[in-house]
Amino acid sequence: MSIDRRYPIGQFNPPREFDQDTVQSHIKVIAELPKSIEQLIANLPDDWLESHYRKNSWTGRQIVHHLADSHTNAFIRCKLATTENWPEILPYKQTAWAEQIDHSLDVEPSLAILSGIHKRWATLLNDLQTSEWTSTGYFHPEYGRRQPMYEIVALYSWHCRHHLGHLELLNDS
């Protein structure tokens, strides 16, 4: 069976209801992402990060920088969700961001961002009360609906595993 290189772990399917054990497993994935990336790329040559996981895809370097961009936004969105009443978030053009000059830098600055953001993010998420997983969240204008915190944490856990899957595919390219 051939793997869909666009979605190496499958597409995201939002959960329909809150489950504390599932949420905790998602927080664990988020907390461990920086270490997972560092372990994956630790002994690889720098040119490995210039390869693509499929034709016309981002490079490994762009993926790492994208994760720093995306998860910085996600952390801020979660802070907004936990301090305001269903705020409307601001979408951004992730492909345009990935084409900017800073995405050609070494990955070390983005790994440092991920390390700090993910530590703070997991701490914030672990502090949520059971009721907050369903009573707080944000309005996503691209989806035209509210997303509760339990769905947000599932999305970003998937996002972590999705792009780790892309980085793992670079070995096969």
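Just so you know, these numbers come straight off a predicted model, no measurement behind them.
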Salt bridge present between Arg145 and Glu151 (N-O < 4.0 angstrom)
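Glu151 and Arg145: salt-bridged.
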What is the ring orientation for Tyr92 with Trp97, classed by angle as parallel under 30°, tilted 30 to 60°, or perpendicular over 60°?
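It falls in the tilted class, 30° to 60°.
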Quick one: do Trp58 and Tyr53 satisfy ring-ring contact (aromatic ring centres under 6.0 Å, His included)? Show the steps, please.
CA-CA 8 Å; Trp58 288 343; Tyr53 60 91; 8.3 Å; no
Any chance the rings of Trp86 and Tyr138 have centres within less than 6.0 Å?
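For Trp86 and Tyr138, the ring centres are not under 6.0 Å apart.
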Ring centroid separation His103 to His66 under 6.0 Å:
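No - the distance between ring centres of His103 and His66 does not fall below the 6.0 Å cut-off.
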For His118, run the side-chain contact (heavy atoms from CB on, under 4.5 Å) check against Leu33, Val29, Thr123 and tell me which one passes.
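It is Leu33, the one option of Leu33, Val29, Thr123 that forms the side-chain contact (heavy atoms from CB on, under 4.5 Å) with His118.
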In the single-linkage hydrophobic clustering (I, L, V, M, F, W, Y; side-chain heavy atoms under 4.5 Å), do Ile113 and Val107 co-cluster?
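In one cluster with Ile113: Val107, no.
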Hey, could you give me the CD1/SG distance between Ile30 and Cys160, rounded to the nearest 0.5 Å?
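These two atoms lie 5.5 Å from each other.
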Starting at CG of Leu80, measure out to OG1 of Thr136 and round the result to the nearest 0.5 Å.
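With rounding to 0.5 Å, CG (Leu80) is 12.0 Å from OG1 (Thr136).
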Donor + acceptor pair across side chains of His52, His166 (<3.5 Å):
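The answer is no; no qualifying pair exists.
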Search all heavy atoms of Gly137 against all heavy atoms of Ile152 and return the closest pair with its distance.
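Closest approach of Gly137 to Ile152, heavy atoms only: CA-CD1, 4.1 Å.
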Please list, one pair per line, the donor and acceptor atoms closer than 3.5 Å that link side chains of residues 8-17 to other protein atoms, with sequence neighbours excluded.
none

